[in-house]
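Since the structure comes first, as structure tokens, the remarks are kept for the end.
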Amino acid sequence: ETVSGREVVAIVRVTTSRNVRQMVRLEHVTVLVADSLHDKQTIADAICGCSQVFYVLKYWEKFDGALEEIQAFTIFDSCAIAGANWVIFATYEDASLLRRKRMKSQIVPRADGTVAEPSFAGLKAAKKHAAQLGIRVTHMITSYLDHKGKKRSLTLIKGEEKLIVVSNN
């Protein structure tokens, strides 16, 4: 079965979180458990035949600690085994939740209305490893800007060359 023409396979470390329990109930989504820190072959078997692999990160320009970075290296190695040559680092944030917590968005606006070009300095070693394996890395962040009954989002996509901004008002 497919979702929008694509087969969806979600690889998780544990199945006890609320989000994973919800995902298990979705139609056309297969949830597999694998040790994303060490089990390269199980992950490779799961992604065999995939054209793209999405890796969900907490932050856009850096890892949320050593474990998340180790996972990235394991995923890149698994992709090399499986022949998948494109990884999308995906990050999501809820701007209204950030406001309530008095935190700022990871998308940095400039005075002229544009957004600051991300450096991804915190991902440098992992991106170098991916390049050595022939794996292309794309970064994507979606900020949900829902406010007072309006559903809006802003998505930034950064590939090798360009920064693309997509606004959904």
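Nothing here was measured: the structure is a model prediction, and the numbers come from that model. Start at 1 with the first residue, then count along the sequence.
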Correct closest heavy-atom pair for A46 and I11 would be CB-CD1, 3.7 Å
CG on D94 to OG on S105, rounded to 0.5 Å: 10.5 Å
As an exercise, state the distance from CG of L57 to OG1 of T91, rounded to the nearest 0.5 Å. 5.0 Å
Work out which heavy atom in F63 is nearest to a heavy atom in G122; give both atom names and the distance. CD1-O, 3.5 Å
Quick one: are V137 and F89 in side-chain contact, heavy atoms under 4.5 Å? yes
Linking I/L/V/M/F/W/Y whenever any side-chain heavy atoms sit under 4.5 Å apart, do L67 and V56 land together? no
Do I75 and Y59 belong to the same hydrophobic cluster, where Ile, Leu, Val, Met, Phe, Trp and Tyr are linked whenever their side-chain heavy atoms lie under 4.5 Å apart, directly or via other members? no
Check step by step if side-chain contact (heavy atoms from CB on, under 4.5 Å) holds for K158 and E117. CA-CA 9 Å; K158 175 72 170 123; E117 185 78 20; 2.9 Å; yes
Pairwise distance NZ(K58) to CD(Q106) - rounded to 0.5 angstrom: 9.5 Å
side-chain contact (heavy atoms from CB on, under 4.5 Å) assessment of E61 paired with L123: CA-CA 7 Å; E61 293 189 68; L123 305 172; 5.7 Å; no
Please answer: with hydrophobic residues joined when any side-chain heavy atoms are less than 4.5 Å apart, are V29 and V12 in the same cluster? yes
When you measure from the side chain of R21 to the backbone of T15, do you find a donor-acceptor pair of N or O atoms at a distance under 3.5 Å? no
Given the rule in the side-chain contact (heavy atoms from CB on, under 4.5 Å) test, do I107 and L154 qualify, once you have shown the distances and angles that lead to the verdict? CA-CA 9 Å; I107 299 173; L154 182 66; 4.1 Å; yes
Which atom pair, heavy atoms only, marks the closest approach of A126 to A72? CB-CB, 4.4 Å
Student check: side-chain heavy atoms of E68 and Y55 closer than 4.5 Å: yes
Report the hydrophobic cluster partners of M103, with the cluster defined as I, L, V, M, F, W, Y residues connected by side-chain heavy atoms closer than 4.5 angstrom, directly or transitively. L98
Same cluster or not: are Y92 and V166 linked, directly or through other Ile, Leu, Val, Met, Phe, Trp or Tyr residues, by side-chain heavy atoms under 4.5 angstrom apart? yes
Pairs meeting criterion side-chain hydrogen bond (donor to acceptor under 3.5 Å, both in side chains) with involvement of residues 129-143, two or more places apart: D77-H129, W86-T138, E93-S143, K127-H139, T142-T155
Can any side-chain N or O of S78 pair as donor or acceptor with the backbone N or O of I43 at less than 3.5 Å? no
For V33 versus T42, what's the shortest heavy-atom pair and its separation? O-CG2, 4.2 Å
Which atom names give the shortest non-hydrogen contact between A116 and L163, and what distance separates them? O-CD2, 4.4 Å
Would a hydrophobic clustering, with Ile, Leu, Val, Met, Phe, Trp and Tyr connected at side-chain separations under 4.5 Å, put V87 with L133? yes
F120-W60 aromatic ring centre distance below 6.0 Å: yes
From CA spacing to verdict: side-chain contact (heavy atoms from CB on, under 4.5 Å), V115, R110: CA-CA 5 Å; V115 294; R110 293 184 184 149; over 6 Å; no
Any side-chain donor paired with an acceptor under 3.5 Å for D112 and T114? yes
d(Q52 CD, I47 CD1) to nearest 0.5 Å is 12.0 Å
Value rounded to 0.5 Å, distance of CE in M23 from OG1 in T30: 11.0 Å
With rounding to the nearest 0.5 Å, note down the distance linking CZ in F73 to NZ in K40. 10.5 Å
For A84 and I135, work out which heavy atoms get closest and say how close. O-CG1, 4.0 Å
